[in-house]
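Just so it is clear: chains get the letters A, B, ... in the order the sequence lines come, proteins before strands, and each one is counted from 1.
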2 protein chains.
Amino acid sequence: MEKIKVGTNAFLYPMPVTLVGATIEGRPNFMPVGWIARVNLTPPLIAMGLNKRHHTPSGIQESQTFSVNIPSRDLIELTDYCGLVSGREVDKSALFEIFYGELKTAPMIKKCALCMECRLFQTVALPSHHLFLGEIVGAYTEERYLTDGKPDIRKMDPLLLTMPDNNYWAVGEHAGKAWSLGNRLKSKKG
Amino acid sequence: MEKIKVGTNAFLYPMPVTLVGATIEGRPNFMPVGWIARVNLTPPLIAMGLNKRHHTPSGIQESQTFSVNIPSRDLIELTDYCGLVSGREVDKSALFEIFYGELKTAPMIKKCALCMECRLFQTVALPSHHLFLGEIVGAYTEERYLTDGKPDIRKMDPLLLTMPDNNYWAVGEHAGKAWSLGNRLKSKKG
């Protein structure tokens, strides 16, 4: 089939839905972030792009810490709400029950399936966004989300995001084992 | 329920599955990459973390370009295979029918649902990985993957990745409208 050009404002499919927490002027604040990825193995680093217009960057710069929380599908309404209002106008600190790990300024959300507390590792100034790189210093979950000691995406039931159509999706069926499925071709092709 | 600490080597749920293309010593090469995210609005920038041990970084540095391709589920075996063998030992250029856009050194995969050609914007040296930031200069898809002119994740049927359990997943059901679902709470809470 013929390829058609669809401009340059393209996205990854899918993006994860996270709630990033930061302490701003002494108060916990949360915003949904889908522009986020793991980027380094040792130490474990996460990178995320946050629009400079947002309230959260000032808190991250102030405290040099942030958290990344993975909400389950039952938090979809609250998660979306966090993206509709700014911490500048609305106090989002009471929306969630909060806990802390080693870092006393990276507020984590008790109801989230997986929570990571991060120490700011590096900031890269981009044209419209800040690229924040954080080192994961602790990750927290609950026994009920684990299978064989590892977080199980079926149990966590996280949300996926697509842009520019702006939709949330659930995780679907198991499609195969990674670093394994291709072995048949490997033994054929060498 | 009680939170338990699960170390520091934590991941996002889910990660997208992409095939990143680069020209290395004149030959197209492809590797699967899940540590990747959009990070800047204008210009549109993508960031990805690639282990320095891989073959692809030298091609990106050499040509200052790369491509990001989103394979559909029917390419799962070939995609996984690309992650099992290195371009140093195996010629992966013949695995896919290739096309080029504006950048003559960013090989794109015809069979992929969405292909983006990127010009290297910035490189950030991390401890174990290179963080490559690329500007999307062209995105390509086919009419059959679009709904109302936008890429439709249901039609593209991309793969999701989870680590450290190393599994692929399909996209599931629609869960709601983003930047919309939270409006009920907004009108209640202000």
Side-chain angles (χ1 to χ4, degrees), chain A residues 1 3 5-6 8-14 16 35-42 44 47 49 70 73 76-77 80-81 83-84 116 124 126-129 131 136 138-142 150 153 156 158-159 161-162 164-176 178-179 181-182 185-186, chain B residues 1 3 5-6 8-14 16 35-42 44 47 49 70 73 76-77 80-81 83-84 116 124 126-129 131 136 138-142 150 153 156 158-159 161-162 164-176 178-179 181-182 185-186:
Chain A
M1 284 250 246
K3 292 287 175 192
K5 198 168 171 178
V6 283
T8 60
N9 187 29
F11 299 89
L12 278 311
Y13 293 86
W35 292 13
I36 185 165
R38 183 73 189 270
V39 293
N40 194 74
L41 187 64
T42 320
I70 312 267
R73 209 193 317 189
I76 190 170
E77 204 179 340
D80 195 63
Y81 170 71
L84 291 173
M116 297 169 251
V124 181
L126 299 179
S128 62
H129 282 51
L131 183 67
I136 306 168
Y140 305 85
T141 185
E142 294 167 29
K150 293 170 189 164
I153 197 168
M156 295 196 290
L159 293 162
L161 174 69
T162 50
D165 54 306
N166 301 346
N167 282 298
Y168 296 117
W169 307 87
V171 177
E173 63 190 12
H174 186 247
W179 291 281
L181 253 183
L185 277 176
K186 192 181 170 186
Chain B
M1 282 249 247
K3 292 287 175 192
K5 199 168 172 179
V6 282
T8 60
N9 186 29
F11 299 88
L12 279 311
Y13 293 87
W35 291 13
I36 185 165
R38 182 73 189 271
V39 293
N40 194 73
L41 188 63
T42 320
I70 312 266
R73 212 195 314 190
I76 191 169
E77 203 178 342
D80 195 63
Y81 170 71
L84 291 174
M116 297 168 252
V124 181
L126 299 179
S128 62
H129 281 50
L131 183 67
I136 306 170
Y140 304 84
T141 185
E142 294 168 29
K150 294 168 189 165
I153 197 168
M156 295 197 291
L159 293 163
L161 173 69
T162 50
D165 54 307
N166 301 346
N167 282 298
Y168 297 116
W169 307 87
V171 177
E173 63 191 12
H174 186 248
W179 291 282
L181 252 184
L185 277 176
K186 192 181 170 187

With a 4.5 Å cut-off on heavy-atom pairs, point out which of [options] contacts chain B the most.
options              : result
A/V6, A/T141, A/L131 : A/T141
A/P164, A/P14, A/A47 : A/P14
A/A37, A/G83, A/A139 : A/A139

- [ ] Might you work through the side chain to side chain contact (heavy atoms under 4.5 Å, CB included) test for A/E77 and B/L185, ending with a clear yes or no?
- [x] CA-CA 8 Å; A/E77 204 179 340; B/L185 277 176; 3.9 Å; yes
Which atoms of [X] approach chain B - backbone, side chain, both or neither, heavy atom under 4.5 Å:
X      : answer
A/L126 : both
A/T162 : side chain
A/L84  : both
A/V124 : side chain

If you take all heavy atoms of [X] and [Y], which pair is closest and at what distance?
X      : Y      : result
B/G138 : A/K5   : CA-CE, 3.8 Å
A/F11  : B/M116 : O-CE, 3.5 Å
A/L12  : B/R38  : CD2-N, 3.5 Å
B/L41  : A/S128 : N-OG, 3.2 Å
A/Y168 : B/H174 : O-CD2, 3.5 Å

Only pairs of heavy atoms separated by less than 4.5 Å count here; which of [options] has the most with chain A?
options                     : answer
B/V39, B/T8, B/N40          : B/N40
B/L161, B/N9, B/L159, B/I70 : B/N9
B/G49, B/A175, B/P44        : B/A175

Open item on the list: Testing B/D165, B/N166, B/N167 one by one against A/K150 for a side-chain contact (heavy atoms from CB on, under 4.5 Å), which residue passes?
Closed with: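 Testing A/K150 for a side-chain contact (heavy atoms from CB on, under 4.5 Å) against B/D165, B/N166, B/N167 leaves exactly one candidate, B/D165.
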- [ ] With the side chain counted from C-beta on, respond yes when A/W169 and B/E173 share a heavy-atom pair under 4.5 Å apart, and no when they do not.
- [x] no
